[in-house]
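First the structure, which I've put down as structure tokens, then a few questions once you've had a look.
The structure presented is a predicted model; accordingly, all values stated were derived computationally and were not measured.
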Amino acid sequence: MVAAGEPMKNKPKQNQLNPNWVQLQQKLKLNSSKSSRTTKEEDTPKSILGKRKERLDDESIDPQIDPLIPVNDDSSLTDAVAIDCEMVGVGQGNKSALGRVTMVNKWGNVLYDEFVRPVERVVDFRTKISGIRPRDLKKAVDFWTAQKKVAELMKGRILVGHALQNDLKALLLSHPKKDIRDTSEYQPFLK
């Protein structure tokens, strides 16, 4: 409420929008009308900030395959499988034990992904590195079940992974050297 003798404050005009908002609203209107005509430079309002450079969308530059997305939905067991294990600390915390194992086929589809309850008591979950939290291991499969399943899946197949000796050591398994493709030993990556 304004007291007598006090000047009224000027209210900002409601219809003055930032030129970027005006431009966005007009683009949205053009897109929603789905008109067949093409947008011309005259259709976009002149901005007080000047014309901005058009940014290309990532998809329009060069459509590339994302290596983290499976190329199809085939979840069958293939001639090559990849494995990765996450470890937790046991004993004094400096000894590693298996906390999670994941295997995918050559298409990137998950064959096996389980949290594993180690034989020894966990003293360090290494959550910042492994992502494993105490609640993840409450309903985890026991080590011997996971070891048996992984051995079954990798038998007679090419095994792909990074620093596979650590994963195999945690699983207490071995694999023929001729069937191992370890990215930590791949020369082009070592440069």
Side-chain angles (χ1 to χ4, degrees), residues 31 53-191:
N31 289 343
K53 291 181 180 176
E54 290 294 322
R55 292 185 184 143
L56 296 174
D57 293 337
D58 288 340
E59 301 88 26
S60 66
I61 295 171
D62 185 21
Q64 294 180 355
I65 296 173
D66 184 350
L68 299 178
I69 298 174
V71 293
N72 62 37
D73 58 357
D74 181 5
S75 292
S76 63
L77 197 53
T78 54
D79 58 338
V81 294
I83 188 169
D84 186 42
C85 296
E86 296 301 330
M87 315 310 177
V88 292
V90 295
Q92 299 296 318
N94 56 354
K95 185 179 170 191
S96 293
L98 185 66
R100 183 177 187 172
V101 60
T102 305
M103 293 183 80
V104 297
N105 64 10
K106 70 179 181 182
W107 309 115
N109 293 303
V110 176
L111 298 172
Y112 188 69
D113 183 20
E114 290 289 339
F115 287 103
V116 180
R117 190 174 45 257
V119 176
E120 297 179 57
R121 184 176 162 270
V122 178
V123 294
D124 184 5
F125 287 91
R126 301 176 183 169
T127 305
K128 287 185 178 181
I129 299 163
S130 70
I132 299 172
R133 297 163 303 214
R135 69 173 180 241
D136 296 327
L137 298 186
K138 288 198 186 323
K139 294 184 180 180
V141 299
D142 67 284
F143 174 80
W144 305 111
T145 304
Q147 181 195 45
K148 183 179 177 185
K149 183 66 176 178
V150 169
E152 183 182 299
L153 290 171
M154 69 182 203
K155 185 175 183 179
R157 293 183 169 71
I158 294 172
L159 190 62
V160 181
H162 188 78
L164 285 171
Q165 72 277 6
N166 297 327
D167 295 345
L168 292 171
K169 183 179 175 184
L171 284 158
L172 302 178
L173 293 173
S174 63
H175 199 66
K177 188 161 179 68
K178 68 178 182 62
D179 290 337
I180 289 179
R181 306 296 184 270
D182 195 330
T183 59
S184 71
E185 298 171 5
Y186 184 56
Q187 288 299 319
F189 292 164
L190 296 177
K191 292 179 181 176

Worksheet item: Taking all non-hydrogen atoms of both residues, which atom of R157 and which atom of H175 are closest, and how far apart?
Response: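 Between these two residues, the closest heavy atoms are O-NE2, 2.8 Å.
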Worksheet item: Is the backbone of S76 close enough, under 3.5 Å, to the side chain of N105 for a donor and an acceptor to pair up by distance?
Response: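 Between the backbone of S76 and the side chain of N105 there is a qualifying donor-acceptor contact (under 3.5 Å).
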Item to complete: State, with a plain yes or no, whether a side-chain heavy atom of V88 is found less than 4.5 Å away from one of D124.
Response: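 A side-chain contact under 4.5 Å is absent here.
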Discussion item. Using every non-hydrogen atom in the two residues, find where V141 and E114 come nearest and quote the distance to one decimal.
Written reply: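 Heavy atoms of V141 and E114 come nearest at CG1-OE1, 3.6 Å.
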Discussion item. Let me confirm one number: the CE-NZ distance from M154 to K149, rounded to the nearest 0.5 Å.
Written reply: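 So the CE of M154 and the NZ of K149 are separated by 13.5 Å.
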Discussion item. Between S96 and R126, do the side chains contain a donor N or O and an acceptor N or O under 3.5 Å apart?
Written reply: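 Yes, S96 and R126 have a side-chain donor paired with an acceptor closer than 3.5 Å.
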Worksheet item: For the residue pair A146 and V116, what are the closest heavy atoms and their distance?
Response: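 Taking every non-hydrogen atom into account, CB-CG2, 3.6 Å.
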Worksheet entry | Full working for side chain to side chain contact (heavy atoms under 4.5 Å, CB included) between Y112 and T102 | CA-CA 5 Å; Y112 188 69; T102 305; over 6 Å; no
Discussion item. So, using side-chain hydrogen bond (donor to acceptor under 3.5 Å, both in side chains) as the criterion, who are the partners of D142 when residues are at least two apart?
Written reply: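 Partners of D142 under the side-chain hydrogen bond (donor to acceptor under 3.5 Å, both in side chains) test: T145.
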Worksheet item: Run the side chain to side chain contact (heavy atoms under 4.5 Å, CB included) check on D182 and V160 step by step: do they pass?
Response: CA-CA 6 Å; D182 195 330; V160 181; over 6 Å; no
Practice prompt. For a salt bridge (charged side-chain N to carboxylate O under 4.0 Å, His left out) with R100, tell me which candidate from D113, D136, D167 qualifies.
Written response: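 Among the candidates, only D113 passes.
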Worksheet entry | From CD1 (I83) to CG (L171), nearest 0.5 Å |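 Reported to 0.5 Å precision, the distance equals 5.0 Å.
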Discussion item. Let's go through K106 and V81 carefully: what are the C-alpha distance in whole Å and the side-chain angles of both, what is the deciding distance for side chain to side chain contact (heavy atoms under 4.5 Å, CB included) to 0.1 Å, and is it a yes or a no?
Written reply: CA-CA 6 Å; K106 70 179 181 182; V81 294; over 6 Å; no
Item to complete: For D74 and N109, work out which heavy atoms get closest and say how close.
Response: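 Nearest pair, atom of D74 first, then N109: O-ND2, 2.7 Å.
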Worksheet item: Roughly how far apart are L98 CG and E86 CD, rounded to 0.5 Å?
Response: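 With rounding to 0.5 Å, CG (L98) is 9.5 Å from CD (E86).
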Discussion item. I need the L164 CG to E185 CD distance, nearest 0.5 Å.
Written reply: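 It is 8.5 Å, given to the nearest 0.5 Å.
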Worksheet item: Where do L137 and G99 come nearest, in terms of heavy atoms and distance?
Response: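 So the two residues come closest at CD2-O, 3.7 Å.
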Practice prompt. Sorted by first residue and then second, give each ring pair (Phe, Tyr, Trp, His ring centres under 6.0 Å) pair with at least one member in residues 117-174; sequence neighbours left out.
Written response: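 Qualifying pairs, neighbours excluded: none.
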Fill in: Shortest non-hydrogen separation from V110 to V104 and the atoms involved
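Distance-wise, the nearest heavy atoms are CA-CG1, 3.9 Å.
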Item to complete: Step by step, work out the side chain to side chain contact (heavy atoms under 4.5 Å, CB included) result for L159 and D179.
Response: CA-CA 6 Å; L159 190 62; D179 290 337; 5.9 Å; no
Item to complete: Could you tell me the separation between the SG atom of C85 and the NZ atom of K169, rounded to the nearest 0.5 Å?
Response: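 Answer rounded to 0.5 Å: 13.5 Å.
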Worksheet entry | Heavy-atom check, side chain of I132 versus side chain of M87, under 4.5 Å |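 The answer is no; the side chains never approach within 4.5 Å.
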Worksheet item: Quick one: OG on S75 to CG on L111, what's the gap to the nearest 0.5 Å?
Response: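 Rounded to the nearest 0.5 Å, the OG-CG separation comes out at 7.0 Å.
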